[in-house]
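Structure incoming, see below.
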Amino acid sequence: MKILLAPFLILYMSLTISACGPNGFDSGSDSHQGAERSPPSYKIPTFSPIFSDNKIAFVSNHEINVLPFQTDLTATTQIDIPLAGKPVWIAGLPFENGSAWAVTLEDGSTQAFLVDEAGYTQLAISPKSYSPEMPLTIYSMEGQLFGLSAPGQDGSPYSAPILIDGPIPKIIYIAINGDLVIWSDGQGTRLPVDALPDSQILYDGQDKLLFLSKPTDRYGHAVLGDKLEAAGITLVDISAAPKILNTISIPEPDVIEGIYPIWSDIDADGEREIIVTLSNPREGARIAVFREDGSLLAEGPAIGTGFRWRHQLLVAPFGNSQENLLAVVRTPHIGGVVEFYRLNGNKLEIVSEVSGISTHTIGSRNLYTALAGDFDSDGQIELLAPDQAQKRLMLVGLEPEAQVLFDLNAELSTNLAMLSLPDLDEVIIAAGLSNNILRVWLP
């Protein structure tokens with residue numbers, strides 16, 4: 001661990017990045033969530049504890065999006081923190097007697113704040129700049145706050161590295177050439193995997209990684225940051241020497257329109273399934289569920305028109321039952337509709353639809369804009385997501401109408417973040433807004 005500490009302190013490589021805007025789609029087309037690890041009991045940690053002789057306290061975890069207990073967000077205290085620019089990514093973790101929140105601004109600069117019942121104070125954070133195209137991951141060590149980036153100079157500026165604890169901790173990242181790099185004990189091991197440059201790496205907690213691979217430009221919708229989409233899903237074992245366990249290939253004309261799969265046990269059989277959005281120019285988008293061996297478990301209906309997207313969000317026991325349902329937003333850019341899917345044999349059936357929700361902005365790689373939980377203590381699991389204008393946060397259940405939870409008075413410009421305080425049934429929600437505000441809702 002002491003050898004690994006040096007790369008931690010020089011994590012961020014300075015990169016000149018030109019933001020890839022939307023190209024290759026017409027103005028009438030619609031349009032890359034959330035991976036999560038939700039068994040029917042949905043007992044999910046909202047942070048990853050790291051214990052070591054160097055006292056790395058916590059690492060933020062972007063896979064957490066289902067709240068494991070009831071809360072009432074209407075009873076929270078709102079704190080608005082002015083920022084030096086427009087925020088694009090946020091991340092939080094438990095810190096001292098409150099929580100620390102870090103922000104990446106549109107120009108790549110970073111800011112951080114301690115937030116507690118007394119208000120907020122600014123914190124130092126290293127690095128002072130960060131790729132604005134990459135989800136922000138932070139960790140604390142010996143009372144200081146750091147952003148996690150690839151230790152090498154070849155890390156993709158679009159894919160967030162992950163940190164895995166163990167006798168010898170590992171930083172794992174996707175290189176700009178598509179290799180998977182595992183940095184451990186001061187050395188890097190490379191595995192050629194042909195990863196999608198902006199794929200996010202998922203970790204199952206048991207030595208397996210999952211990510212999108214085989215980039216292709218054969219479907220020019222280009223609403224998720226660039227013209228590249230994935231034609232493969234790769235599963236890797238890192239228990240010893242890293243090795244590819246399986247790559248699921250997607251035949252033409254389909255592509256995977258997203259930047260990560262959902263990796264969740266949707267059928268409650270004790271095994272994770274892999275959920276992706278498949279798209280093609282003729283039929284548009286549909287949802288597909290694969291087993292880890294690559295066999296197709298189920299599919300949902302296609303939209304029926306090319307260049308129309310579905311934003312798959314998360315799996316949770318929506319309503320008041322323990323049955324897992326999949327939440328998806330159909331055409332979030334043109335009259336977004338939340339679809340709740342139930343797995344029925346080899347089909348995904350839509351059991352409920354709620355209109356007026358938008359979870360994505362054209363050209364953005366931010367797909368982390370929805371959470372699930374019982375946010376109003378009514379015994380129902382609901383979706384928390386922005387409305388069509390992205391100026392209000394809505395509670396979306398299986399009923400046909402969504403309910404307004406918060407008026408933002410500005411547009412949501414970052415991911416929607418949720419942090420559960422350790423050993424307390426309390427949750428903190430945070431969002432970055434287009435009027436240069438970080439808004440935090442404290443219990």
Subject >> Distance-only donor-acceptor check, side chains Asp226 and Tyr158, under 3.5 Å >> reply: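 Asp226 vs Tyr158: no donor-acceptor pair found between side chains.
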**OP:** List the steps, then state whether salt bridge (charged side-chain N to carboxylate O under 4.0 Å, His left out) holds for Glu299 with Arg286.
**Re:** CA-CA 7 Å; Glu299 280 188 310; Arg286 68 190 188 279; 2.7 Å; yes
Subject >> Any donor-acceptor pair under 3.5 Å from Thr110 side chain to Pro127 backbone >> reply: yes
**OP:** Indicate whether any N or O donor in one side chain lies under 3.5 Å from an N or O acceptor in the other, for Asn280 and Asp254.
**Re:**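 The answer is yes; a qualifying pair exists.
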**OP:** Using the test ring-ring contact (aromatic ring centres under 6.0 Å, His included), find all partners of Tyr120 that sit at least two apart in sequence or belong to another chain.
**Re:**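 Partners of Tyr120 by the ring-ring contact (aromatic ring centres under 6.0 Å, His included) criterion come out as none, since no residue qualifies.
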**OP:** For Phe290, check ring-ring contact (aromatic ring centres under 6.0 Å, His included) against everything at least two apart and list the hits.
**Re:**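 Phe290 satisfies ring-ring contact (aromatic ring centres under 6.0 Å, His included) with no other residue.
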Subject >> Proximity of Tyr368 and Tyr260 rings by center, below 6.0 Å >> reply: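 Here the rings of Tyr260 and Tyr368 have centres that are less than 6.0 Å from each other.
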Subject >> Pairing residues for Asp237 by the salt bridge (charged side-chain N to carboxylate O under 4.0 Å, His left out) criterion, not counting sequence neighbours >> reply: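 If we apply the salt bridge (charged side-chain N to carboxylate O under 4.0 Å, His left out) test to Asp237, skipping adjacent residues, there are no hits.
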Original post:
Can you name the residues that form a side-chain hydrogen bond (donor to acceptor under 3.5 Å, both in side chains) with Glu283, not counting sequence neighbours?
Top reply: none
**OP:** Identify the two heavy atoms, one from Gln111 and one from Ala84, that lie closest to each other, and give their separation to 0.1 Å.
**Re:**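 Closest approach of Gln111 to Ala84: OE1-N, 2.9 Å.
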Subject >> Exercise: identify the closest heavy-atom pair between Thr216 and Ala230 >> reply: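 Between these two residues, the closest heavy atoms are CG2-C, 4.4 Å.
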**OP:** Find the distance between CD (Glu382) and CG (Leu395) and round it off to the nearest 0.5 Å.
**Re:**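 CG of Leu395 is found 5.0 Å from CD of Glu382.
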Original post:
Sequence neighbours excluded, which residues qualify as side-chain hydrogen bond (donor to acceptor under 3.5 Å, both in side chains) partners of Asp107?
Top reply: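 Partners of Asp107 under the side-chain hydrogen bond (donor to acceptor under 3.5 Å, both in side chains) test: Ser109.
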Original post:
Under a 4.5 Å cut-off applied to non-hydrogen side-chain atoms, are Leu371 and Leu383 in contact?
Top reply: no
Original post:
When you look at Trp101 and Phe95, which way does the ring-ring contact (aromatic ring centres under 6.0 Å, His included) test go after all the steps?
Top reply: CA-CA 9 Å; Trp101 290 92; Phe95 197 82; over 10 Å; no
Original post:
Would you say the side chain of Val236 lies within less than 4.5 Å of the side chain of Thr234, judging by non-hydrogen atoms?
Top reply: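 Thr234 vs Val236: side chains touch.
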Original post:
Step by step, would you call Val440 with Ile429 a side chain to side chain contact (heavy atoms under 4.5 Å, CB included)?
Top reply: CA-CA 6 Å; Val440 181; Ile429 303 292; over 6 Å; no
**OP:** Start with the C-alpha gap between Ile174 and Val181, add the side-chain angles, then the distance that decides, and say whether side chain to side chain contact (heavy atoms under 4.5 Å, CB included) holds.
**Re:** CA-CA 6 Å; Ile174 290 172; Val181 182; over 6 Å; no
Subject >> With sequence neighbours excluded, residues passing salt bridge (charged side-chain N to carboxylate O under 4.0 Å, His left out) with Glu339 >> reply: Arg310, Arg330
Subject >> Passing candidate, side chain to side chain contact (heavy atoms under 4.5 Å, CB included) with Glu273, options Ile262, Ile266, Val315 >> reply: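 Exactly one pass, corresponding to Ile266.
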Subject >> pair Glu133-Arg365: side-chain heavy atoms closer than 4.5 Å >> reply: yes
**OP:** Apply side-chain contact (heavy atoms from CB on, under 4.5 Å) to Val88 and list each qualifying residue two or more places apart in sequence or on a separate chain.
**Re:** Thr104, Glu106, Pro132
**OP:** Could you tell me the separation between the CD1 atom of Ile138 and the CG atom of Leu123, rounded to the nearest 0.5 Å?
**Re:**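 Reported to 0.5 Å precision, the distance equals 9.5 Å.
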Original post:
So Leu180 and Ile201, side chain to side chain contact (heavy atoms under 4.5 Å, CB included) or not? Walk me through it.
Top reply: CA-CA 10 Å; Leu180 184 72; Ile201 304 168; 4.1 Å; yes
**OP:** Would you give the length of the straight line joining atom CD1 of Ile250 to atom CD1 of Ile256, rounded to the nearest 0.5 angstrom?
**Re:**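 One gets 4.5 Å once the value is rounded to the nearest 0.5 Å.
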Subject >> Nearest-0.5 Å distance that lies between atom CD1 in Ile162 and atom OH in Tyr203 >> reply: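 It is 7.5 Å, given to the nearest 0.5 Å.
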**OP:** List the steps, then state whether side chain to side chain contact (heavy atoms under 4.5 Å, CB included) holds for Leu235 with Phe211.
**Re:** CA-CA 7 Å; Leu235 185 65; Phe211 49 87; over 6 Å; no
Original post:
Any idea how His360 and His311 line up, ring-wise: parallel (<30°), tilted (30 to 60°), or perpendicular (>60°)?
Top reply: perpendicular
Original post:
Do the non-hydrogen side-chain atoms of Thr247 and Ile233 ever get within less than 4.5 Å of each other?
Top reply: no
Original post:
To the nearest 0.5 Å, what is the distance between CZ (Phe375) and CG (Leu67)?
Top reply: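 CG of Leu67 is found 5.5 Å from CZ of Phe375.
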**OP:** Would you mind reporting whether Val103 and Trp89 have side-chain heavy atoms less than 4.5 Å apart?
**Re:**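 No, every pair of side-chain atoms sits at 4.5 Å or beyond.
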Original post:
Atom CG of Leu412 and atom CD of Gln390: how far apart are they, to the nearest 0.5 Å?
Top reply: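 Rounded to the nearest 0.5 Å, the CG-CD separation comes to 6.0 Å.
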Original post:
Are Arg272 and Trp263 side-chain neighbours, meaning at least one heavy-atom pair lies under 4.5 Å?
Top reply: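 Side chain of Arg272 against side chain of Trp263, heavy atoms only: contact under 4.5 Å found.
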Original post:
Which pair of heavy atoms, one from Pro157 and one from Met134, lies closest together, and at what distance?
Top reply: O-CB, 3.3 Å
**OP:** Return the minimal non-hydrogen interatomic distance between Ile437 and Pro87, and the atom names on each side.
**Re:**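 It is O-CG, 4.1 Å.
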Subject >> All ring-ring contact (aromatic ring centres under 6.0 Å, His included) counterparts of Tyr341, not counting sequence neighbours >> reply: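 ring-ring contact (aromatic ring centres under 6.0 Å, His included) check on Tyr341 returns nothing, list empty.
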Original post:
Between Arg218 and Glu229, is a salt bridge (charged side-chain N to carboxylate O under 4.0 Å, His left out) present by the stated rule, with each step listed?
Top reply: CA-CA 8 Å; Arg218 69 188 182 217; Glu229 307 299 345; over 6 Å; no
**OP:** Enumerate the residue pairs fulfilling salt bridge (Lys or Arg N to Asp or Glu O under 4.0 Å) with a member in residues 387-396, sequence neighbours excluded, ordered by first and then second residue.
**Re:** Asp387-Arg392
**OP:** Using the test side-chain hydrogen bond (donor to acceptor under 3.5 Å, both in side chains), find all partners of Ser249 that sit at least two apart in sequence or belong to another chain.
**Re:** Lys214
Original post:
Any side-chain heavy-atom pair from Val337 and Ser355 closer than 4.5 angstrom?
Top reply: yes
**OP:** Among Leu384, Val338, Ile357, Val354, find the residue that satisfies the side chain to side chain contact (heavy atoms under 4.5 Å, CB included) test when tested with Met394.
**Re:**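 Output: one option passes, namely Ile357.
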Subject >> Test item: side-chain donor near acceptor, Glu257 and Thr277, under 3.5 Å >> reply: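 Note: Glu257 and Thr277 side chains miss the donor-acceptor criterion.
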**OP:** Return yes if a side-chain donor-acceptor contact under 3.5 Å exists between Glu411 and Ser434, otherwise no.
**Re:** no
Subject >> Closest non-hydrogen atom pair between Ala372 and Ile381, with its separation >> reply: CB-CG2, 4.4 Å
Original post:
Heavy-atom count around Gln122 CD within 6.0 Å, excluding the residue itself: above 12?
Top reply: yes
Original post:
Quick one: are Pro261 and Leu202 in side-chain contact, heavy atoms under 4.5 Å?
Top reply: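 Contact flag for Pro261/Leu202 side chains = yes.
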Original post:
Quick one: salt bridge (Lys or Arg N to Asp or Glu O under 4.0 Å) pairs with a partner in residues 432-443, sequence neighbours left out?
Top reply: Asp80-Arg439
Subject >> Sequence-distant partners of Pro192, side-chain contact (heavy atoms from CB on, under 4.5 Å), two or more places apart >> reply: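 Asp179.
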